[in-house]
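Worksheet for the structure shown next.
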Amino acid sequence: MDPIDPFVFQVSIFVLAIFVGYFVVWSVTPALHTPLMAVTNAISSVIVVGALTALGVGLVGDDSWAAKGFGFVALILASINIFGGFLVTQRMLSMYKKKD
């Protein structure tokens, strides 16, 4: 039996994650969107920690430009996602406040 190529294995996991993520997000009822945004912000904060780790890879001796570049891009995109998530969450919570 031939072993599976690691690249094919990783791409298939990525494609499955896309399908699962799509169906999970689109099947959420409107009442659960605010908690879902809060969880998304928490996941993005973990991505920020990983991106900062990738940016600091030069401190441990392996000065890889690819790790720093991908870390910087991940840091920027996750930061935008967190900021936008907080704005959306704040707007959705303001819909439930009583108006004077």
Side-chain angles (χ1 to χ4, degrees):
M1 182 177 197
D2 292 331
I4 298 174
D5 185 27
F7 178 74
V8 172
F9 183 73
Q10 292 170 354
V11 168
S12 64
I13 295 293
F14 181 70
V15 170
L16 285 173
I18 289 172
F19 281 114
V20 169
Y22 175 80
F23 287 112
V24 166
V25 169
W26 286 109
S27 65
V28 171
T29 61
L32 295 177
H33 279 279
T34 301
L36 183 64
M37 289 301 297
V39 171
T40 304
N41 286 339
I43 292 170
S44 292
S45 66
V46 172
I47 294 171
V48 167
V49 172
L52 289 174
T53 304
L55 284 173
V57 76
L59 300 175
V60 294
D62 184 21
D63 196 19
S64 171
W65 65 269
K68 287 182 180 179
F70 285 128
F72 181 74
V73 170
L75 181 64
I76 297 299
L77 292 176
S79 299
I80 291 170
N81 190 23
I82 290 172
F83 182 71
F86 280 127
L87 287 178
V88 169
T89 303
Q90 181 182 9
R91 184 172 179 193
M92 291 181 75
L93 288 175
S94 68
M95 293 170 49
Y96 293 105
K97 290 183 181 178
K98 292 184 179 182
K99 297 179 182 176
D100 293 333

Other than Val49, what residues sit in its cluster of Ile, Leu, Val, Met, Phe, Trp and Tyr side chains whose heavy atoms are under 4.5 Å apart, directly or through others? none
Please list every donor-acceptor pair under 3.5 Å in which a side-chain atom of residues 75-85 meets a protein atom from a residue at least two apart or in another chain.
residue, atom, partner, partner atom, Å
Ser79, OG, Leu75, O, 2.7
Asn81, ND2, Ser44, OG, 2.7

Going by side-chain heavy atoms closer than 4.5 Å, which hydrophobic residues are tied to Phe9, directly or by a chain of links? Ile4, Ile13
Would you say Phe72 ends up clustered with Leu52 if hydrophobic residues are merged whenever their side chains have heavy atoms under 4.5 Å apart, either directly or through other cluster members? yes
Ala51 to Ala74 - nearest heavy-atom pair and separation: CB-CB, 3.9 Å
Using a 4.5 Å side-chain heavy-atom cut-off and chaining through intermediate ILVMFWY residues, the residues clustered with Phe19 come out as Phe7, Val11, Val15, Tyr22, Phe23, Trp26
